[in-house]
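Here the structure is a predicted model, which means the values were calculated and not measured. Below, each value reflects all heavy atoms present in this structure, side chains not excepted, and no hydrogens, waters or symmetry copies. First the proteins, then the strands, lettered A, B, ... as listed; each starts at 1.
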Amino acid sequence: MSHSTTTPRRSVFSRPTAETGFSSWITTTDHKKIGIMYFFTVLVFFFLGGVESGVIRAQLAQAENSLVTAEIYNQAFTMHGITMVFLVVMPLSAAFFNYLIPLQVGARDVAFPRLNAFSYWMYLFGGIFLYSSFLLGGAPNGSWVGYAPLSLDSVSNMAFYAIGLQLLGVSSLSAAVNFITTILNMRAPGMTFMRMPMFIWMSLVTNFLLLFAMPIIAVALFMLQFDTVFGAQFFNPATGGDPILWQHLFWLFGHPEVYIMILPAMGIVSEVLPVFSRKPLFGYAAVAFAGAAIGFIGFGVWAHHMFTSAIGPVARSAFALSTMFIAVPTGIKIFNWVFTMWGGKLRFTTPMLFAIGFVSMFTIGGLSGVTHAVVPHNAQQHDTYYVVAHFHYVLFGGALFGLISGIYYWFPKVTGRLMDEKLGKLHFWTWLLGFNLTFGPMHMSGLLGQPRRTAILPAELGGAVELYNLMSSIGLLVLVVSALVFLFNLITSIRSGVASGPDPWDARTLEWLSASPPKHYNFDTIPSVSHRDEFWHRKYAEDEAGQPVAVPAGASSEHVEPDAAHAREAEVGDGTDAAHDGVDGGHIHMPDPSYWPLVMCLGFLPLAYGLLGPTPWLIVIGVVWVIIGYFGWVIEPVAEGDDDDPVVEDPAATRSGVAAH
Amino acid sequence: MAAGVHETTLGLDHRKLAMWVFLGSEFLFFGAFVSAYILYLDATAGGPNVDIFDIPFTSISSFVLLMSSLTMVLAHNAHVRRDMRRMRMWILATAGQGAVFLGGQVFEFTVFYREGLNLTESPFASAFFVLTGFHGLHVFVGILLLLSLYSLTLTGKVKPNQDLKTEMIGLYWHFVDIIWVIIFTVVYLIPELAMGS
């Protein structure tokens, strides 16, 4: 290529070269490594969020309990909510986006590898910043919804919330730009929109939701920040400020956020159910368009969170209708998943069990959601444990079950090993039991009047409510045991799981064409796509009765690209990085590692602490640091294949593979 | 142009597509601030209201900013023609006009401040300063981008065939101008006309 003739000069701007060890991880721009880093960081925050839920459930295990103070309780439920939403479910989805999007669309990496690393570091530092509040005078304690004017109070510690979420928002927004560009622009030749795997469809919708929801929460947080630190008057009723504005902005972000958390899980089960039912996804187009419809309508339902605020009867009626309406595309998806399983040859593996768990638990959560659309019901349920039950059925029974299904499903792709099925099934059944024991009774205690966010469970609510709360607290213990089973399974399987081969599930999508774990450059040759479920069609033809017949490996038919069959055969062989004949390995240019995403992100930490108000010097240091990081990033020598407008002697060489569209 | 070198699904360069996607997100950012401003038009807490605006003055600085979009187009056009001398000239002209606009904003803010309109005065004042202030910050970032582009062409880091870089910064610059057209109309002109009638 253009500038490989001279020996590269080592300077501060030279790109790092480490391929193993610690420095290879902190400088990596490989989407697969970044996905793995997201995953393990999520495990740590999931543990912390779990500890906080333990504080909540221990306190509420009996009425009039005084185990923890109200102040600690407030910090625990606030940080539990922030952690599970922003530091667990969203980044766990991001782990899947990172690992899978390039593999499923048949690309070598995301569109902007360094920006991808930047997103990860912003997420990590945003999380560290939020948790450092425990050491710096107390964690946020005004709930994850941060309602003004409570969140303006100087004892509310909500400044950490305002700035920490801003950091996480920058992470999400840059990731969204990156993934949208990757999906729209880097699909393998022949992969039209209607041939994309369903997970890619749902990722696309999710990232568009992030793109349009994140700036709105950013605006709300800036207003909060300006009010608390600089004395602005956005939410101060004394001068005519309107706290309802906070609610509008928060929920205009906050309701799409619900779909940001659930759509990736919907994408995952749309991949898992067909594979273990041995049928294509029923109603592919309907599932895809229902996902897009959810994305659109999701921006038009936010005020159902505000039926008990002063928004007027017209707004209430309109949002009641739109909220009921959004159940239609959701219902379409649920029926399509059921019809996918209908008449299939079901294999009840652990990922399949979690996918079925998702469909059933999410249906319960969805139905209790529809009850919120009914304004009088809503007034009764508002801020009770019924709401807590509802959103845990959606986000725990829904999003988390789906994401765990994805972990079991793609674990062999990431590690080349299978997770233990016996432990997996034990995990599933205890998880299902613990989950329903924890959150099922909350429907009842909520309808009987138990309020949310209250440190003391009042004894006058009655013995039934006390019993339900005790059940919930015991349910959490079951969940803890279940999580330990999962963790044990995960660690032992990484070290000594059964070798899986590249395609252990007889799957349908392109990532299984690659070796397990995939090579650094993902594919020997960029695959050419001529079908939905391309990989399946390379393995199976249909006989006269419409039944699938295996195509022998290496055989050439109209469905099988000769080079692809060759590549698959070679990968089945040993899955190692051995040189193959006929691959374009010599022409593959992967992005080099880089220090600059990490350096630039580190600058955001002094900036963030400075914005808390102690000293403006920290802001100056942070801004200068970020600008230096930015220029280092810009003038860093471009990697081959990563650079722009290179002087190319042979344009065909950079196409790496079939380029016919 | 990069066409023919990179094979992309949509036939657009990644960076150009990403810039469009990012700017789509920016519209929501300013949209939320503009909504808050409209909500707080009358929430002046007895302080100054929209009468404080000096429409002729702001019209001139707005005109300067709009003209900077023209010079940005000329800069990109020169870059496409590989005329780096003219390209640099128009880049400087664009950055200069941006600086004039920013200077006008700083002057305007100081006048308002003396007349009793400051950030902590009322929700109206907060909404006004934060909205126009964030727009000013975007102009400032744009000037930084233009100046880095200028110096990178001098050191040879941006080459004559890399006109996409100029086009990208141009997209951002035009966006900042379009947002100002909206802000000038909604924030300055419409309330003034409504109050005058």
>> Testing the basics here: between B:H14 and A:M186, what is the closest heavy-atom pair and its distance to 0.1 Å?
In response: CE1-CG, 3.3 Å
>> So A:V634 and B:L152, do their side chains get closer than 4.5 Å, heavy atoms only?
In response: yes
>> Looking at every heavy atom in both B:F33 and A:M223, which two are closest together, and how far apart are they?
In response: CD2-CE, 3.9 Å
>> Can you confirm whether more than 12 heavy atoms, excluding those of B:F134, are under 6.0 Å from its CZ atom?
In response: yes
> Where on A:L210 is there a heavy atom nearer than 4.5 Å to chain B: the side chain, the backbone, both, or neither?
Replying inline: neither
> Counting heavy atoms not belonging to B:R86, are there more than 12 under 6.0 Å from its CZ?
Replying inline: no
Using a 3.5 Å cut-off and no angle test, enumerate the donor-acceptor pairs between side-chain atoms of residues 19-29 of chain B and protein atoms at least two apart in sequence or in another chain.
| residue | atom | partner | partner atom | Å |
| --- | --- | --- | --- | --- |
| B:S25 | OG | A:L211 | O | 3.1 |
| B:E26 | OE2 | B:H138 | NE2 | 2.4 |

> Where does A:Y630 contact chain B at under 4.5 Å (heavy atoms): side chain, backbone, both or neither?
Replying inline: side chain
> With sequence neighbours left out, what residues match A:W251 under side chain to side chain donor-acceptor pair (under 3.5 Å)?
Replying inline: A:Y147
>> I need the contact set between residues 226-234 of chain A and chain B: heavy-atom distance under 4.5 Å, sorted by residue number.
In response: A:F226, A:F230, A:G231, A:A232, A:Q233, A:F234
>> Heavy-atom pairs under 4.5 Å with chain B - which of A:N236, A:D242, A:I216, A:L249 has more of them than the others?
In response: A:D242
> If you take all heavy atoms of A:G240 and B:A43, which pair is closest and at what distance?
Replying inline: O-CB, 3.8 Å
>> Contact between B:T120 and A:T239 at the side-chain level, heavy atoms closer than 4.5 Å - yes or no?
In response: no
> Using a cut-off of under 4.5 Å for heavy-atom pairs, which of B:A125, B:S122, B:G31 has the most such pairs with chain A?
Replying inline: B:S122
> Hey, what do you get for OG1 (A:T181) to CZ (B:R15), rounding to the nearest 0.5 Å?
Replying inline: 11.5 Å
> So how far is it from A:I627 CD1 to B:L144 CG, rounded to the nearest 0.5 Å?
Replying inline: 6.0 Å
> Heavy-atom count around B:F107 CZ within 6.0 Å, excluding the residue itself: above 12?
Replying inline: no
>> Which residues pass the side chain to side chain contact (heavy atoms under 4.5 Å, CB included) test with B:T58, not counting sequence neighbours?
In response: B:S61, B:S62, B:E108, B:W180, B:F184, B:Y188
> Looking at B:T9 and A:R187, what are the two nearest heavy atoms and their distance?
Replying inline: OG1-N, 2.9 Å
>> For B:L39, which atoms come within 4.5 Å of any heavy atom of chain A: side chain, backbone, both, or neither?
In response: side chain
